[in-house]
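Single-structure report; data block below.
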Amino acid sequence: MDAAAKALSPGGVVTVIDAGGERLGVGTFNPHSLIGLRLLSRDAEIAIDQAFVTAQLTRALALRDLLYARPFYRLIHAEADGLPGLIVDRYGDVVALQVNTAGMEALLPLILDALEAVVAPAAILLKNDSPVRRLEGLDLYDRMAKGEIEGPVALEENGARFFADLAGGQKTGWFYDQRDNRAAVAAVAAGRSVIDFYSYAGGFAVQAALAGATRVVAVDRSEGALILASRSAEANGVAVEPVRAEAFAEMERLAATGQRFGVVVADPPAFVKSKKDLAAGAKGYRKMTRLAAGLVEPGGFLLVASCSHHISPDAFAEEVRHGLSTAGRGGRILRSAGAAADHPVHPFLPESAYLKAMLLQLD
Ligand code: SAH
């Protein structure tokens, strides 16, 4: 990077010109970030103005309207929706944003105006507390850009009702990315007992209960998450037994007492938080699979997932295989999937496909 580039203001819009003078596109540039350039358009003449941002939002909304009957989804998934560094999750007339790059922080006034024009939400939360902001030289903050949020916010997913804590919960409050994987678990849950480790607000647990599971246990170390899961269960007229515990310890305790379940779900927080954690985190997925598989009754089902960007689908599948073989369990993979379609993947950025989920039947 030359001195002129280093002097550019973080997050400013730049025209990208190659060494031969060819104009390649426009993007935002941050001299302080490892990913200096984030491309916004391959049209080098396009103006990055209100019309541009509104057009990105309009296209993203049209896709979600096509995919989903109800207004509960990820509206903007960063690069693949043409706004690198921006996440917008929609909960009806409440939206929560994560602004993760200096480029998007600089465009925030245009983004808020575009949201107003396209969605007109009653409340807009800026959930800008992700440590990735530090890599961009941005400070961490949470604040309302519009309106107020009173208590947990209601949402719907696959016909089930939920409550999410947008301000106090994880990320923007709800993990819409698991929508299709939750439906896949629900599809095998009828007539079976289910245990959902790392249940958070009960996404897997409540949908399995609604699908006719005989008994559903939700395990999480967070009291607040379990309160939301119980409240969501009640709103759907089903029962979920909350267990506050550390997941591995609870898996070992249940195994020692000989308990088995028809369906075991383990969708933990990211075990691999950075490249240097890969070896340790990968071992975590192996151990998790081994312990979880041990709790599955013969003919039952296991869903294991990883939301770590830094472990590839192949490497994750390898850890799952190791875990199964150490547990002495065979079976068949029914589904190897990523996130739902409201989390699209940029075709040239395969690493933006962070979620891995495998559903297996075990013998
Ligand atoms: N499966 C959830 C998402 C999981 S988010 C869903 O479908 O929405 C991660 C959750 O794991 C959080 O609720 C967090 O409280 C919980 N957690 C993190 N570490 C844990 C541990 N060691 N034992 C139990 N729960 C843990």
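We count ligands from 1, going down the list as the structure has it; atoms in each ligand are counted the same way.
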Considering only heavy atoms from C-beta outward, does the side chain of Met251 approach that of Met288 to under 4.5 Å?
yes
Pairs flagged by side-chain hydrogen bond (donor to acceptor under 3.5 Å, both in side chains) wherever residues 219-236 is involved - sequence neighbours left out
Glu223-Arg244
Per the salt bridge (charged side-chain N to carboxylate O under 4.0 Å, His left out) rule, what does the pair list look like for residues 25-35, sequence neighbours excluded?
none
Ionic contact status for Asp342 with Arg90, cut-off 4.0 Å:
no
Residues lining ligand 1 [heavy-atom distance under 4.0 Å, listed by chain and residue number]
Gln170, Phe175, Arg182, Tyr198, Ser199, Tyr200, Phe204, Asp220, Arg221, Ser222, Ala245, Glu246, Ala247, Asp267, Pro269
Does Arg133 come within less than 4.0 Å of Glu136, counting only side-chain N to carboxylate O?
no
If a pair satisfies ring pair (Phe, Tyr, Trp, His ring centres under 6.0 Å) and one of its residues is in residues 267-302, list it, with sequence neighbours excluded.
Phe271-Tyr285, Tyr285-Phe316
